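First comes the structure, then the notes that go with it.
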Amino acid sequence: MSTVLDDAVFEDRPEVDLSVLAASLRAEREETVVLALDIGTSGVRAGLFNSRGDEIAGSQVSLSHEFADLAGGTDSDADALIDFVECALDIAVARAESFVGTDSKGRAVTPLLGWADTRAANAVKVLRSRFSEQETHPRTGARFHPSYWPAKLLWLKQERPAIFAQATDWLSISDYLFGRLFGNQSTSVSMASATGLFNQHTCDWDRELCEGLGISIEQLPEIAQPGQTVQLSSADHISRWALLDGAAWFPAIGDGAASNIGAGCVAPERVTLMIGTSGAMRVLFTGNPPASLPSELFCYRADRDRVVIGGALSDGGGLYRWMKDTLSLNYDSDDLEQALEAMEPDAHGLTVLPFWSGERATGWSSSAQGSIVGLTARTKPRDILRAGMEAVCYRFALLAKALDKVAPKATIVAAGNALLSSPAWAQMIADVLGRRIEISGISEASSRGAALLALEAAGKIDNLETVDSRFGNAYEANMTRHARYAEAIDRQQKLYEKLVK
């Protein structure tokens with residue numbers, strides 16, 4: 001079995017026949033079945049995959065939750081989120097880059113801090129005064145930024161010293177979940193590598209950073225060994241999920257690595273561009289981390305043999321949803337999509353900095369905020385929405401330019417529910433980048449990627465690189481529109497330099 005942390009649920013799922021899940025799990029003795037559990041910012045998904053990594057029809061379940069506070073500067077309850085995940089497992093068998101501090105009895109003593117919580121912005125300045133970011137970035141693969149653990153730990157230590165002092169251990173939400181379900185809080189190389197506290201070259205915690213932050217290596221979870229699994233240990237849990245008794249659970253992997261693997265982008269020739277609640281562009285390959293890293297990019301790991309390089313945008317489908325709701329765009333989905341497709345590129349006179357949830361790649365500003373410039377009495381709500389979608393594309397253009405240094409001329413494969421549900425947005429991406437975009441044929445790439453890694457670790461498939469993946473439509477770039485968008489990118493960047501830099 002496998003777990004994965006992913007970004008978000010962008011669209012509701014229809015009701016499914018829950019008997020499919022139970023029947024598939026009972027068939028495990030005859031054929032290996034993988035249950036992938038996907039914990040996101042706005043929901044939890046669970047689904048089943050067979051020994052070939054194919055999704056079992058009717059097995060996907062999606063539950064929306066009320067933890068949108070993880071996308072801002074509001075404290076969230078770690079135990080409440082774990083209770084919600086347990087409810088998702090109830091349904092499954094009948095169907096984040098977040099972290100938390102725990103005490104010696106394994107109880108959460110800090111709020112759950114999500115990646116989009118920017119309250120640690122001032123801590124970034126302190127980190128840059130104490131450490132050389134030019135040295136730590138290629139070593140840990142992470143810039144100093146409020147989304148990563150070093151800034152959050154320093155913020156807690158400075159702003160909430162009593163709470164910080166109570167914590168004996170620091171865990172990701174998946175580690176905390178494993179502690180609750182299995183009595184084991186070890187973490188995967190993949191999850192550890194995205195904390196900003198991990199040495200990508202030694203595959204262990206970065207001692208220099210930890211000592212500088214005043215925490216010991218012993219306060220962080222043990223790094224799991226390849227193929228390490230756990231089983232349900234509590235009699236209550238075994239009784240509650242009898243079908244999972246004896247099932248082997250692999251530690252969680254990061255959503256980025258899982259998404260690339262699930263979409264079939266496992267070599268430098270294919271780059272994944274994903275828009276869910278947030279956005280990301282990544283390349284995954286077998287090999288070692290580079291000795292130097294472009295300042296715009298991160299470097300994580302999928303496992304001890306595979307590296308993930310790319311960048312993340314804090315706003316994507318979440319910004320689309322916010323604009324649609326806030327601007328009261330009361331179209332049905334098809335009508336709105338047609339209206340967006342009919343609009344000319346950059347014809348609204350607006351310049352948008354799409355930083356409603358802050359900025360990560362490419363500038364990694366710790367204090368960036370969203371802005372809309374150019375509003376007039378003639379501006380219509382759909383103009384603002386189109387401008388916001390184009391603005392996200394412009395940030396991808398800057399990210400693609402940086403990623404070309406690592407994976408030049410790679411094929412771009414689009415994934416993520418927000419993008420897959422909007423052909424208009426997919427065409428904008430192709431036109432802005434001036435490149436052909438292939439659409440992934442996998443609807444749940446992160447869950448599938450976690451399942452494939454589990455199947456490989458269990459010896460059910462020899463090599464996940466040899467597994468076929470489906471691809472859908474392709475979008476060709478309109479170079480006339482590309483030229484017009486290039487001018488808009490330049491205008492956006494000038495605004496960025498005035499307001500953010």
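Just so it is clear, the structure is predicted and the values come from calculations on it, not from any experiment.
- Formation of a donor-acceptor pair under 3.5 Å by the W205 side chain with backbone atoms of L220 is not found in this model.
- What you find for H145 and S365 is that their closest heavy atoms are NE2-O, 3.2 Å.
- In plain terms, the two heavy atoms of I439 and A426 that are nearest each other are CD1-CB, 4.2 Å.
- Using a cutoff of 4.0 Å between basic side-chain nitrogens and carboxylate oxygens, R130 and E208 are not scored as salt-bridged.
- Within the 4.5 Å cutoff, no side-chain heavy atoms of S295 are placed close to those of E133.
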Item to complete: Please assess E465 against R270 for the test salt bridge (Lys or Arg N to Asp or Glu O under 4.0 Å), listing each intermediate value before the final yes or no.
Response: CA-CA 12 Å; E465 281 83 359; R270 285 189 179 273; over 6 Å; no

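- In this structure the side chain of T277 never reaches within 4.5 angstrom of the side chain of L319, judged on heavy atoms.
- The distance between the ring centers of F178 and Y176 does not fall below 6.0 angstrom.
- With R301 contributing its side chain and R304 its backbone, the two residues share a donor-acceptor pair below 3.5 Å.
- The closest donor-acceptor contact from the side chain of Q166 to the backbone of V109 lies at 3.5 Å or more, if one exists at all.
- Here K105 does not pair with D103 in a salt bridge; the nearest charged N to carboxylate O distance is not below 4.0 Å.
- No donor-acceptor distance shorter than 3.5 angstrom exists from the side chain of T286 to the backbone of D305, with no hydrogens or angles considered.
- For E296 against W364, the heavy-atom pair with the smallest separation is O-NE1, 3.0 Å.
- Within the 3.5 Å criterion, the main-chain N or O of A242 finds no donor-acceptor partner in the side chain of D245.
- We find that E359 and R395 are joined by a salt bridge, their nearest charged nitrogen and carboxylate oxygen being less than 4.0 Å apart.
- K152 contributes a side-chain N or O that, together with a main-chain N or O of P146, makes up a donor-acceptor pair within less than 3.5 Å.
- Side-chain contact check for S172 and S174: at least one donor-acceptor pair (N or O, by modelled atom type) lies under 3.5 Å.
- Side-chain contact between W149 and L213: absent, with no pair of heavy atoms (C-beta onward) separated by less than 4.5 Å.
- With a 4.5 Å cut-off on side-chain heavy atoms, V500 and L353 count as touching.
- Proximity of a side-chain donor or acceptor of D169 to a complementary backbone N or O of T102 within less than 3.5 Å is not detected.
- Inter-residue side-chain proximity for F198 and I223 is flagged as met; some heavy-atom pair is nearer than 4.5 Å.
- Two rings, from W155 and F164, have their centers 6.0 Å or more apart.
- A donor-acceptor contact shorter than 3.5 Å is absent between the side chain of S239 and the backbone of D236.
- Using a distance-only test at 3.5 Å, with no hydrogens or angles considered, no donor-acceptor pair links the side chain of S422 to the main chain of L419.
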Practice prompt. Given side chain to side chain donor-acceptor pair (under 3.5 Å), test D255 with S446 step by step and report yes or no.
Written response: CA-CA 6 Å; D255 69 298; S446 291; 5.3 Å; no

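- You'll find the side chain of M281 reaches within 4.5 Å of the side chain of V271, heavy atoms only.
- In this structure a side-chain-to-backbone donor-acceptor pair under 3.5 Å is present from Q228 to Q225.
- Contact annotation: the side chain of N260 approaches that of T272 to within less than 4.5 Å [non-hydrogen atoms, C-beta and beyond].
- Salt bridge R139/D206: present, at least one basic N to carboxylate O contact under 4.0 Å.
- In terms of heavy-atom proximity, L297 sits nearest to I309 at CD1-CG2, 3.9 Å.
- Aromatic ring centroids of W356 and W322 lie under 6.0 Å apart.
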Worksheet item: Please walk me through it: do R448 and S443 pass side chain to side chain donor-acceptor pair (under 3.5 Å)?
Response: CA-CA 9 Å; R448 181 176 188 255; S443 61; over 6 Å; no

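- Ring geometry for F144 versus F131: interplanar angle of 30 to 60°, hence tilted.
- Taking 4.5 Å as the limit, some side-chain heavy atom of R160 sits within range of a side-chain heavy atom of P111.
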